[in-house]
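Read the numbers this way: they start at 1 and go in the same order the structure lists the ligands and their atoms. Since the structure is predicted, the reported quantities are computational estimates derived from the model, not experimental observations.
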Amino acid sequence: ALPILWTNPDEVAGNGVDDDNNGFVDDMNGWDFRFNDNDPSDQHGHGTHTGGTIGAAGNNGVGIVGVNWNVRLMVIKIYNAAGNDTTSAMLINAYNYVRMMKLRGVNIRVSNNSYGGCQEACGYDQATKDAIDALGDAGVLNVFAAGNSGQNTETTPFFPGSYNSPSILNVASSTSDDTRSGFSNYGTVSVDLAAPGSGVYSTTFGSNSGYGNMSGTSMAAPHVSGAAALLAAHNPSLSSASIKATLMNTVDQLPAWQSMVKSGGRLNIANALQNPTVCSYQLSSSSVTLPTKGGAVHITVSAPQNCDFSVKSDSKWISVLTPAVMSGNAVISLWVTVNPGITRSGTVRVNGSPITVTQSRTGIF
Ligand SMILES: [Ca+2]
Ligand SMILES: [Ca+2]
Ligand SMILES: [Ca+2]
C-alpha cells in the first residue's frame with residue numbers, strides 16, 4: 001500500500017497561519033521547494049516510486065511493502081512535473097528545512113536523495129556540500145544515488161553523491177544476479193555499497209492502487225534508506241555514522257563488486273540488523289604542545305572499519321595535511337606554522353571532539 005506520510009504535529013492545516021512558527025505556512029507533510037508552496041504532491045512519479053520502496057505500508061494484504069513498512073515520510077519536493085528544472089539554491093533550501101526540523105525535534109534519521117547531476121549539481125558546489133554537511137552534523141544520514149552514467153565517479157564525479165562527506169552514503173545499483181546494472185556509476189572511494197536497482201516494483205504515480213517497475217540508482221538508494229530507517233528503529237541509539245558503518249560492514253561480499261564500491265558488496269539488511277557497528281573514535285592524544293618553530297603533528301585515531309569522521313582546524317595557523325574526511329583507523333597529520341610571538345593555542349576537531357594544540361615560546365627553537 002502507499003507509504004504513510006509524516007504529519008507536522010504543531011501545524012494546523014489550511015488556516016493560512018504558520019502555527020509552529022518555523023517560517024513555512026501550513027507545512028503539514030513537508031514543503032515544495034520548486035514552487036515554494038505547502039503542497040509537495042508528486043507530479044511526476046519518481047518520488048512516489050522511491051517512497052514506496054522506502055516505506056510502502058505493510059501487513060495489510062495490499063500491493064507491496066517498503067523496506068520499513070512503519071516509517072513516516074516527510075515529503076520534500078524539488079522538481080517540476082517533468083522531473084527537472086531545479087537549482088542548487090532549491091536543494092540548499094530543502095536541506096536547510098530538513099535540518100531545521102531535525103533541530104526542532106522531529107525524529108528525522110535518514111534523507112533519501114534519488115537525484116543528481118546537471119542541472120542542480122553539475123559541478124562541485126561548496127555551498128551545496130556545506131548544507132549537506134550541516135544536515136549530517138545535525139544527525140541525519142544522507143543516502144544518495146550514485147548516478148546512471150555507467151561511469152567511474154573517481155574520474156567523473158556525479159554530485160551530490162560524490163561529495164566527500166561523513167554523512168553521505170552513496171549507492172550503486174545491482175541486478176537480480178548481483179552484478180552491476182549496466183547504467184550504474186561505480187567507484188571504490190566515493191561509492192559505498194550496492195543495492196537492488198534494476199526492475200524494481202513499487203508504487204506508481206496517479207493512482208492509489210498502481211504498481212510498476214522502474215530501474216536506476218534512484219531505485220537502489222531507497223532500499224538503503226529504508227534499511228537505515230529500519231536499523232534506526234531497531235536500535236535508536238545508533239548514530240548516523242554507526243548506521244552507515246553497519247550497512248557497509250554487513251554487505252554480502254561479491255566478486256562483481258570488489259573493485260566497484262568501497263564496501264565490496266551488496267546490502268544485506270538481516271545481517272545489518274544482527275551485527276551493528278558502534279562507532280567511537282579514540283585519539284592518541286587530545287592535547288599537544290609544540291615549540292615556537294612549529295612543525296608536523298601526528299595523531300592516531302582508532303575507530304571501527306567504515307566509521308567516518310571529519311577533521312577540521314579552527315585555527316588558521318594549524319593546517320590539516322591529511323584528508324578532511326577519514327574512515328576507521330587512521331593517522332591525522334597537522335602542520336603548525338612558525339610562531340615568533342606570544343604563546344598561542346588552537347583546536348582541531350575530530351568528529352567534533354577537540355584536540356588542543358598549544359605553541360609555546362618556551363619551547364625549543
Ligand atoms: Ca509552519
Ligand atoms: Ca497552519
Ligand atoms: Ca506544489
Worksheet item: Is the Ca ion (ligand 2) under 3.0 Å from any N, O or S atom of V12?
Response: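 Under 3.0 Å: V12 contacts the Ca ion (ligand 2) through an N, O or S atom.
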Practice prompt. Please find out if the Ca ion (ligand 2) and some N, O or S atom of M28 are separated by less than 3.0 Å.
Written response: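 No - counting backbone and side chain alike, M28 has no N, O or S atom under 3.0 Å.
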Do [X] and [Y] meet the criterion of a side-chain donor-acceptor pair at a distance under 3.5 Å?
X    : Y    : value
T347 : D314 : yes
T250 : N275 : no
D177 : T175 : no
D308 : S327 : yes
S218 : T50  : no

Fill in: Of the N, O or S atoms in D39, the one nearest the Ca ion (ligand 3)
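Looking only at N, O and S atoms of D39, the one nearest the Ca ion (ligand 3) is named O.
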Worksheet item: Can you name the N, O or S atom of D26 that is closest to the Ca ion (ligand 2)?
Response: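 D26's closest N, O or S atom to the Ca ion (ligand 2) is named OD1.
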Practice prompt. Measure from the Ca ion (ligand 2) to every N/O/S atom of D19 and report the name of the nearest one.
Written response: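 For D19, the N/O/S atom sitting closest to the Ca ion (ligand 2) is OD2.
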Practice prompt. Inspect the contact between D133 and K312 and indicate whether a charged nitrogen and a carboxylate oxygen are less than 4.0 angstrom apart.
Written response: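 Here K312 does not pair with D133 in a salt bridge, since their nearest N and O are not under 4.0 Å apart.
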Fill in: Geometry at the Ca ion (ligand 3) - D37 OD1 versus D32 OD2 angle, rounded to 10 degrees
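Nearest ten degrees: 90°.
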Discussion item. What do you get for the angle at the Ca ion (ligand 2) between OD1 on N15 and O on V17, to the nearest 10 degrees?
Written reply: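 For OD1 of N15 and O of V17, the angle centred on the Ca ion (ligand 2) reads 90°.
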Item to complete: Taking both backbone and side-chain atoms into account, decide whether V25 has an N/O/S atom under 3.0 Å from the Ca ion (ligand 1).
Response: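 No, since none of the N, O or S atoms of V25 sits under 3.0 Å from the Ca ion (ligand 1).
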Worksheet item: Angle at the Ca ion (ligand 1) between OD1 of N22 and OD1 of D18, to 10°?
Response: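 The two atoms subtend 80° at the Ca ion (ligand 1).
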Item to complete: Report the C-alpha distance between W31 and F24 in whole Å, list the side-chain angles of each, state the deciding distance to 0.1 Å, and finish with yes or no for ring-ring contact (aromatic ring centres under 6.0 Å, His included).
Response: CA-CA 8 Å; W31 195 258; F24 296 84; 4.9 Å; yes
Discussion item. Between V171 and I269, is there shared hydrophobic-cluster membership here, with clusters defined by ILVMFWY side-chain heavy atoms closer than 4.5 Å?
Written reply: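 Same hydrophobic cluster.
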So, of the N/O/S atoms that [X] has, which is the nearest one to the Ca ion (ligand 1)?
X   : result
D27 : OD1
D20 : OD1
E11 : OE1

